[in-house]
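Counting from 1, the numbers follow the sequence of the chain as shown.
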Amino acid sequence: QVHVVESGGGLVQPGGSLRLSCAASGITKGYYAIAWFRQAPGKEREGLSCISSHNNATYYSDSAKGRFTISRDSAENTVYLQMDNLTPEDTAVYYCAATESKYYYCSTYVYSRGIESWGKGTLVTVSS
């Protein structure tokens, strides 16, 4: 099954940018989807974005739309989350997650059911 490892977190000032990376391995099927989640202290895990290898379709939550961009490098099986105009409210642990289920769709919302692999998370701190 697919496994993922995310990286790229760190400390950034408000208004700054970060690019997170999610490296996938163990892909044996013709389809996979990778999603980004985050969890801030005291809050529930929030789905942010998703991308499908099948048609490169993307989805963004309201929190991510307009500021975050998800992309995929198929040659390296890596998915990126470019985060711009960051605010302190974006401070959270960011997780990538993956599935090879062809029934996981990157549309409507980002959901956990069907996810087969979770990264350990990378911390993003937005502070002056």
Side-chain angles (χ1 to χ4, degrees):
Q1 68 173 28
V2 62
H3 293 81
V4 291
V5 178
E6 65 271 83
S7 61
L11 176 64
V12 63
Q13 294 183 346
S17 299
L18 283 175
R19 189 180 74 164
L20 306 182
S21 299
C22 178
S25 62
I27 298 174
T28 59
K29 299 180 180 178
Y31 174 90
Y32 70 89
I34 293 181
W36 285 98
F37 298 81
R38 70 182 181 187
Q39 187 165 23
K43 296 185 177 180
E44 295 182 353
R45 185 172 56 205
E46 174 190 13
L48 293 173
S49 187
C50 180
I51 189 167
S52 168
S53 68
H54 179 251
N55 57 6
N56 231 32
T58 58
Y59 174 81
Y60 298 94
S61 70
D62 290 341
S63 297
K65 191 176 301 181
R67 297 188 300 124
F68 296 179
T69 304
I70 192 169
S71 61
R72 179 174 66 94
D73 183 343
S74 60
E76 298 182 355
N77 291 327
T78 301
V79 169
Y80 303 97
L81 185 68
Q82 177 69 40
M83 306 188 296
D84 298 321
N85 299 314
L86 289 165
T87 73
E89 288 69 39
D90 295 315
T91 296
V93 177
Y94 285 70
Y95 301 88
C96 66
T99 180
E100 292 186 278
S101 173
K102 62 182 179 181
Y103 302 109
Y104 190 99
Y105 300 104
C106 293
S107 63
T108 307
Y109 66 103
V110 183
Y111 53 96
S112 298
R113 184 173 184 177
I115 293 294
E116 298 172 318
S117 178
W118 291 87
K120 294 182 178 180
T122 184
L123 176 63
V124 173
T125 302
V126 185
S127 179
S128 299

Applying the side chain to side chain contact (heavy atoms under 4.5 Å, CB included) criterion to Val124, which one of Asp90, Leu20, Thr91, Leu11 satisfies it? Leu20

Report yes if some heavy atom in the side chain of Phe68 is under 4.5 Å from a heavy atom in the side chain of Ser61; otherwise report no. no

Please check this pair: side chain of Glu100 against backbone of Tyr32, looking for a donor-acceptor N/O pair closer than 3.5 Å. no

Side-chain donor/acceptor of Tyr60 to backbone N/O of Ile70, under 3.5 Å: yes

Provide the closest heavy-atom pair for Ser117 versus Val2 in the form atom of the first, atom of the second, distance. CB-O, 3.0 Å

Crowding at CD, Gln39 (>12 non-hydrogen neighbours, <6.0 Å): yes

Group every Ile, Leu, Val, Met, Phe, Trp and Tyr by side-chain heavy-atom contacts under 4.5 Å, then state whether Tyr103 and Tyr59 land in the same group. yes

Shortest non-hydrogen contact from Phe37 to Ser112? CE2-OG, 3.8 Å

Counting only N and O atoms by type, is there a donor-acceptor contact under 3.5 Å from the side chain of Glu6 to the main-chain atoms of Lys120? yes

Test applied, side chain to side chain donor-acceptor pair (under 3.5 Å); reference residue, Arg72; option that passes from Asn56, Thr58, Thr78: Asn56

Can any side-chain N or O of Ser21 pair as donor or acceptor with the backbone N or O of Tyr80 at less than 3.5 Å? no

Rounded at 0.5 Å granularity, tell me how far OG1 in Thr99 sits from OH in Tyr31. 7.5 Å

Side-chain donor/acceptor of Tyr104 to backbone N/O of Ser52, under 3.5 Å: no

Where Ala64 and Leu48 come nearest, the two heavy atoms and their spacing: CB-O, 3.6 Å

OH (Tyr109) with more than 12 external heavy atoms under 6.0 Å: no

State, yes or no, whether a side-chain contact exists between Thr87 and Pro14 at a heavy-atom distance under 4.5 Å. no

Least distance between heavy atoms, Ala35 atom then Val110 atom: CB-CG1, 3.7 Å

